[in-house]
Amino acid sequence: MHYRNQASETGIFGVVECFSPQILAACPLVKNVLLLDSDGRRVAVKYYTDDWPTLAAKLAFEKSVFTKTQKTNARSEAEIIMFDNHIVVYKFIQDLHFYVTGGDDENELILATVLQGFFDAVGLLLRNNVDKRAALDNLDLILLCLDEIVDGGIVLETEASVIAGKVASNALDGSGSFSEQTISQALATAREHLARSLLK
Amino acid sequence: MAQPLVKKDDDRDDEVEYSPFLGIEKGLVLQEARAFHDPQLDARRCSQVITKLLYLLNQGETFTKIEATEVFFAVTKLFQSKDTGLRRMVYLIIKELSPSSDEVIIVTSSLMKDMNSKTDMYRANAIRVLCRITDGTLLTQIERYLKQAVVDKNPVVASAALVSGIHLLQTNPEIVKRWSNEVQEAVQSRAALVQFHALALLHQIRQNDRLAVSKLVTSLTKGAVRSPLAQCLLIRYTSQVIRETSNSQSGERPFFDFLESCLRHKAEMVIFEAARAITELSGVTNRELTPAITVLQLFLSSSKPVLRFAAVRTLNKVAMTHPLAVTNCNIDMESLISDQNRSIATLAITTLLKTGNESSVDRLMKQITNFMSDIADEFKIVVVEAIRSLCLKFPLKYRSLMNFLSNILREEGGFEYKKAIVDSIVILVRDIPDAKESGLIHLCEFIEDCEFTYLSTQILHFLGNEGPKTSDPTKFIRYIYNRVILENATVRAAAVSTLAKFGALVESLKPRIFVLLRRCLFDIDDEVRDRATLYLNTLGGDDSVGEIDNDVKEFLFGSLDVPLSNLEMSLQNYVPSEEPFDISSVPKEVKSQPLTEKKAPGKVPTGLGAPISNPTSTVDGYEKLLSSIPEFSSFGTLFKSSAPVELTEAETEYAVNVVKHIFDEHVVFQYNCTNTIPEQLLENVTVFVDASDAEEFSEVVSKPLRSLPYDSPGQTFVAFEKPAGVPAVGKFSNLLKFIVKEVDPATGETEDEGVEDEYQLEDLEIVAADYMLKVGVSNFRNAWESMDPDSERVDEYGLGARESLAEAVSAVITLLGMQPCEGTDAVPNNSRSHTCLLSGVFIGNVKVLVRLSFGIDGPKQVAMKLVVRSDDPAISDAIHEIVANG
């Protein structure tokens, strides 16, 4: 009850959806998902806890994550860093930086799975043409993608082809339902993607 | 940041970076949102506008209340469109706008329609949106649909309902708890994620019911849980059950087989979760650890950085308690020192430092030296701290470790890093006698070229205490006097004090010190001159060279016996007058730090500017309050005020807590009362105290509270007389008496006639700890040695069966009410013995120091040795009596 009031006070337009972490302690929890460009500016971000209550705090966090990681090579494998009691896993492609943050006692591999799901789903949705320009051109898809991966800090789905399938179902056909066809399309793309990455 | 970007782009194209949102403006986008009202909706265009709105919000733009309401109303129109893509965007923006409850009503029916749609995607999303924005009253209307959705055959819909359930459980637990059966069914789902969400929700519904959780774990660990995420949850719940049941018998640990079998799972996240759970078992044995360590060791050589990091971090933790178990991984660990990921490298180094043996120290140090140059300061600090503890473990190796520290001290680095190094050297100098001279010289060399005033003054202070005790104090003088010539005023003043300390302790140096101090009399800074004058006079000038009495030493070396924050407060309150400031009037109680502050940054809504009550002012507040009451003015100075003790349950009609004020011959109970009934006004409020179980106390004054209106707290006092200087204890029962008058909450009018009534409060006790002030000492060993050994009293006690050593230690600390020193109140996990140092001031201003040694044996029997020293041997005996009776 108390929490409810607080949420409606803090942000009428809060990008934050807070869920009291102590109750969810036993459940893996994502604190934020960030997609930044190669200068550390926001492309799309989503915060799920009130660890960063103000916009300034969020931007400060993004800046420090960006500066601490920008020199690392996170292009083939996801990388990881721990600071200020947070664990951040991240992966870069072209001029896009993907980050997923969790608490310092979170299972690192769960966070990495969420990151990989996000990363691959964006790859599928942008048809492997992943860069900042494409991401901004398809910002609606990116935002829907975020919406399908984590709900209020709780992992919703980690399988990239399923995430992309859910998002694409409305991006691809204007009138249709959650059709079998689009899922199989997405799966086909996924398979193609996998084959290509194996051949590389 | 913009400049390098332009440069980089120079060779490709120098046009401005492309963005579809270039030049976007809130006002214009809000205008575009009018398209939502168009009777012929253009779905594509509307989607674009919503994307723009979301972009603005995402970039941190805020809408005013009016703007948001307008957008929200416009968006609700879009439910008319059948376009799926547009509908998804509508869901998204409604969630972002988080409408207020009166606005929610407008979309409720549309969303409820979608919840019953044939399209699964609509159903899933409508559930998530509705649960996000709804309040309790609406929830009862849609509960039926949600319950069905939990067992929906489409996994997306089921997951949406379950996840929403997890969120709703915190605001409307009674509703979600009614879904138990459906959720249980969903746990058996074939869809991996549904199983995960169902398990998470089911556990949360039952988390307060130990038996149910245990049953859940028992049944699921037998069956096959499909989803790796659900399996991770199950491992967490299992370790929770193990934690709660393991204290019974010493035999096989329940469920350990399950954890071990998870080490062979095919998903890495499950393997790791299980390995971590095993290493965190309380009282884990080496046999239990081995399989977990083995899988973690495999992870160390993985190609994935995340896996290496997770493994090395866990092993690092294990190394703190079971260093031997980790030694097998040392070879893999050493290869990680050169890992690209510096977090991994740092963790590897610090693990090695913990597990390494004496012979490997030199080799390790060599590797670390190469590594130090290319890591960030924060990692360096971790390494420095690890080296400090290594040095304390292998004192014989101090030479190479001290060399290492002095080398890195000379290199570039920020303040925090330098401070960590200096702190380490100071600790080594203090604890390893052989290292003293070389350590002090390293510090002297450092202040020759130190940019941090704080560190310079700290080192000078330390030098003053330790330098004179070395074999050749003369060699430090040059370094110190150089500070007087070259540094800023703060450092110069510190250097003057240090010189004076040398002068006081080293007779042969005294004349020369005097020459140096006299030169300081012409310093341009007041403080430096004042100090020089002061020390020249206290040290006796020319005439009485030879004898320096203890007063001078006490003045120079004794620590201030009041907490600095209290002194600051008292000085601020001091009004210049005829009466000089009296340092003995400063309260000595150390205010406890709010420990929770750092641990849970998420729980405090710091951004809201909520008024944070300031605990530091309370003691002063009490003193002022009491001295303003004439009846209590003859009681003398207040010795101690306790923390408020609640005398009523939460949420009762009248909330009462009590603060115990201890004076030398009196005790005052301050009852803080709050009336929580709007329809009542209380008058003539008193507390009737029955002190028949407290023989040594007799009531002298009772000060009633004239009126207690709704929700504005008031105080009533009762004072007792007690024998002076005796820590009398006793139990008091309390009865709240008052006259009730009815109030009409609408008009605020009070009826004239009142009724007498009473209200039973809980009992209150005066215990021995009430006569003890928590006063810390900065250096326990020095303080201990400076006390008269004749005042020492030693005895041993059996504390019987205790839950753990930590619990026994904290029980004794609470009983005595003393301040734990040097962090000795923290008991490391699994330790079999522990020493705890306490200090405090007993009533009558008697300084007391206590050394507690605890030991625990197999069946949790705790024995304790208690050694007390105090200013008064009778008090030492009294402390023993407290423990014997406690």
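Residue numbers start from 1 in every chain, and the chains themselves are labelled A, B, ... in the order their sequence lines are given, proteins ahead of strands. Given the structure is predicted, the values throughout are model-derived calculations rather than measurements.
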Ion pair A:Glu106/B:Arg236, N-O distance below 4.0 Å: yes
Which atoms of A:Ser76 come close to chain B, meaning under 4.5 Å heavy atom to heavy atom: side chain ones, backbone ones, both, or neither? neither
Ring centers of A:His97, A:Phe66 separated by less than 6.0 Å: yes
For B:Ser303, is it the side chain, the backbone, both or neither that has a heavy atom under 4.5 Å from a heavy atom of chain A? both
Answer with side chain, backbone, both or neither: which region of B:Leu193 has an atom nearer than 4.5 Å to a non-hydrogen atom of chain A? side chain
Contact between A:Pro28 and B:Leu233 at the side-chain level, heavy atoms closer than 4.5 Å - yes or no? yes
Within this structure, what is the NZ-CZ distance for the pair B:Lys95 and B:Arg132, rounded to the nearest 0.5 Å? 5.5 Å
B:Arg128 versus chain A, heavy atoms under 4.5 Å apart: side chain, backbone, both or neither? side chain
Return yes if a side-chain donor-acceptor contact under 3.5 Å exists between A:His86 and A:Thr101, otherwise no. no
Salt-bridge criterion met for A:Glu159 and A:Lys166 (N-O under 4.0 Å): no
Check: B:Leu168 main-chain N/O paired with B:Thr171 side-chain donor or acceptor under 3.5 Å: yes
Examine whether an atom of B:Leu162 lies under 4.5 Å from a heavy atom of chain A, and if so say whether it belongs to the side chain, the backbone or both; otherwise answer neither. neither
Quick one: which of B:Met89, B:Gln240, B:His203, B:Arg313 has the most heavy-atom pairs under 4.5 Å with chain A, could you say? B:Arg313
For B:Tyr91, which atoms come within 4.5 Å of any heavy atom of chain A: side chain, backbone, both, or neither? neither
Tell me whether B:Glu174 at atom CD has more than 12 heavy atoms from other residues, nucleotides or ligands lying less than 6.0 Å away. yes
Quick check on B:Arg87 against chain A: is it the side chain, the backbone, both or neither that has a heavy atom closer than 4.5 Å? neither
Side chain from CB out, backbone as N, CA, C, O: work out which of these in B:Ala200 comes under 4.5 Å of a heavy atom of chain A, or both, or neither. side chain
Report the option among B:Gln59, B:Arg44, B:Gln48 that has the most heavy-atom pairs separated by less than 4.5 Å from atoms of chain A. B:Gln59
Is the shortest distance from a Lys or Arg side-chain nitrogen in B:Lys304 or A:Glu108 to a carboxylate oxygen in the other one below 4.0 Å? no
Identify which part of B:Tyr237 has an atom lying under 4.5 Å from any heavy atom of chain A, answering side chain, backbone, both or neither. side chain
Would A:Lys46 and B:Glu96 pass as an ion pair if we require N to O under 4.0 Å? yes
Using only atom types and a distance under 3.5 Å, with no angle test, would you say the side chain of A:Asp131 pairs donor to acceptor with the backbone of A:Gln94? no
Toward chain B, the part of A:Ala78 with a non-hydrogen atom under 4.5 Å: both
Contact part of A:Val43 toward chain B, heavy-atom cut-off under 4.5 Å: side chain, backbone, both or neither? backbone
Proximal component of B:Tyr55, with respect to chain A [non-hydrogen, under 4.5 Å]: both
Counting only non-hydrogen atoms closer than 4.5 Å, does A:Ile87 touch chain B with its backbone (N, CA, C, O), its side chain (CB onward), both, or neither? side chain
In terms of heavy-atom pairs under 4.5 Å with chain A, the winner among B:Arg276, B:Glu268, B:Glu273 is B:Arg276
Counting heavy-atom pairs under 4.5 Å to chain B, which of A:Asn73, A:Asp137, A:Leu55, A:Asn107 comes out on top? A:Asn107
